[in-house]
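Here the structure comes first, spelled out in structure tokens, and everything after it is commentary.
First the proteins, then the strands, lettered A, B, ... as listed; each starts at 1. Just so we're clear, the structure is a prediction, and the values are computed from it rather than from any experiment.
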Number of protein chains: 2
Amino acid sequence: MAAFRPRPEPAEVARVTATAGELLEVLWGRASTAPASASQMRVLLTLEHQDGINLRTLSAALASTPPSTSRLCDRLVAVGLVERVVGRADRREVRLHLSTRGRAFLDDLRARREQELQAVLTLMPADKRAALREGLEAFCDAAALQMHDSGVRSDDRTA
Amino acid sequence: MAAFRPRPEPAEVARVTATAGELLEVLWGRASTAPASASQMRVLLTLEHQDGINLRTLSAALASTPPSTSRLCDRLVAVGLVERVVGRADRREVRLHLSTRGRAFLDDLRARREQELQAVLTLMPADKRAALREGLEAFCDAAALQMHDSGVRSDDRTA
DNA sequence: TATTGTTATACTCTATAACTATA
DNA sequence: TATAGTTATAGAGTATAACAATA
């Protein structure tokens, strides 16, 4: 029964994936990111993976502008989630770091999001859960590939 | 080979689902919603499913406030995606409708998003795609249940 | 008076342009 | 002069509070 898998055409799967994506959006919308706004979240997540980058690099990563990013950082520094450090090699640069509180905040948010997910996943039969995992792992691999390939020239900042 | 499904524990699946969710976010971020902002998108999507609702109902559906929603609608009306109509039964009310252009805009966006998804899905082996579909359909069912249950008192509209 | 919607005002986020400081 | 970052100013989105119109 669990092995019955009708019509795996991309268009069909795209539809159910899109639906799942929208549900996930609603679900995660409940795991509030307060006291950080959505924009501030993007800064924190970027810094988590590229700690110590300068402001221009950060604003490029966000597809934003230096002034906007500077103001975002103002507030994140003010609430103690981010730290600014003047560059040692080039004193014009500002090195941005996640503070200890910033790190703890992200860990906490992730935990809350995964809890929201688990509340749903435990409602699923074990074999469906296993199918979901199998399918999503392949999806993640394919998505990472696709993003890497088409991401090469989607940077727009080509001068 | 395709039937090997290790450890379907919720925590494990939650992790891969969270990763897939973040990938989807990046993927869809490319299918730009311009000329509508994210907030305007929420208005359009809500109107699509509840055409003709009044402003207060809309603002409640968005978990926003009447003044903010009124301003959002100002701009959507200005660009021709939404229409305001005075209520026939109660002349205080404003009935909000998606315009023809508004509908076309949503159709187009959905098509672009599903194309982004299909580009990824076609990279997956057919059996993984089938597993993904099986798992996601169960996920959607469970998520709908979960949201309905815990949504009962998070709706604020208990009246 | 209670309800629907708008206007008044303020704060965040975003952007472009002008400015300061370093190289 | 070129580059890194900030400040100046403006527009969109959001909120609370005060208001207008209708019931």
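Between the side chain of B/Q118 and the backbone N or O of B/Q115, no donor-acceptor pair lies under 3.5 Å.
Note on B/S39: a side-chain N or O is less than 4.0 Å away from OP1 or OP2 of D/dT14. Between A/S70 and D/dT6 there is a side-chain N or O to OP1 or OP2 distance below 4.0 Å.
Where A/S37 and A/A89 each meet DNA chain C at their nearest nucleotide, the meeting point lying more 5' is that of A/S37.
For A/R91 and C/dT22, a side-chain-to-base donor-acceptor distance below 3.5 Å is absent, hydrogens and geometry of angles not being considered. Residue B/T65 places no side-chain atom within donor-acceptor reach of the base of D/dA15, judged by atom type and a 3.5 Å distance cut-off alone. Within 3.5 Å, no donor on the side chain of B/R92 pairs with an acceptor on the base of C/dT4, nor the reverse.
Closest approach to the A/E93 side chain among D/dG5, D/dT9, C/dT6 is made by D/dG5 (side chain taken as heavy atoms from C-beta onward). Candidate nucleotides C/dT4, C/dC13, C/dT7 were compared by shortest atom distance to the side chain of B/R71, and C/dT7 ranks first. Comparing D/dT6, C/dA15, D/dG13 by their closest approach to the side chain of A/S68 singles out C/dA15. Listed candidates were D/dT6, D/dA23, C/dA8. Nearest to the side chain of B/P67 is C/dA8. Residue B/S64 places its side chain closer to D/dT14 than to any other of D/dT14, C/dG5, D/dG5.
Rounded to a whole Å, the CG atom of B/L62 is 12 Å from the C1' atom of D/dT14.
A salt bridge links A/D108 with A/R112; the closest basic N to acidic carboxylate O contact falls under 4.0 Å. Salt-bridge formation is detected for the pair B/R110/B/E48: a Lys NZ or Arg NE/NH1/NH2 atom is positioned less than 4.0 Å from an Asp or Glu carboxylate oxygen.
Contacts between residues 74-86 of chain A and DNA chain C, defined by a heavy-atom separation under 4.0 Å, are made by A/R75.
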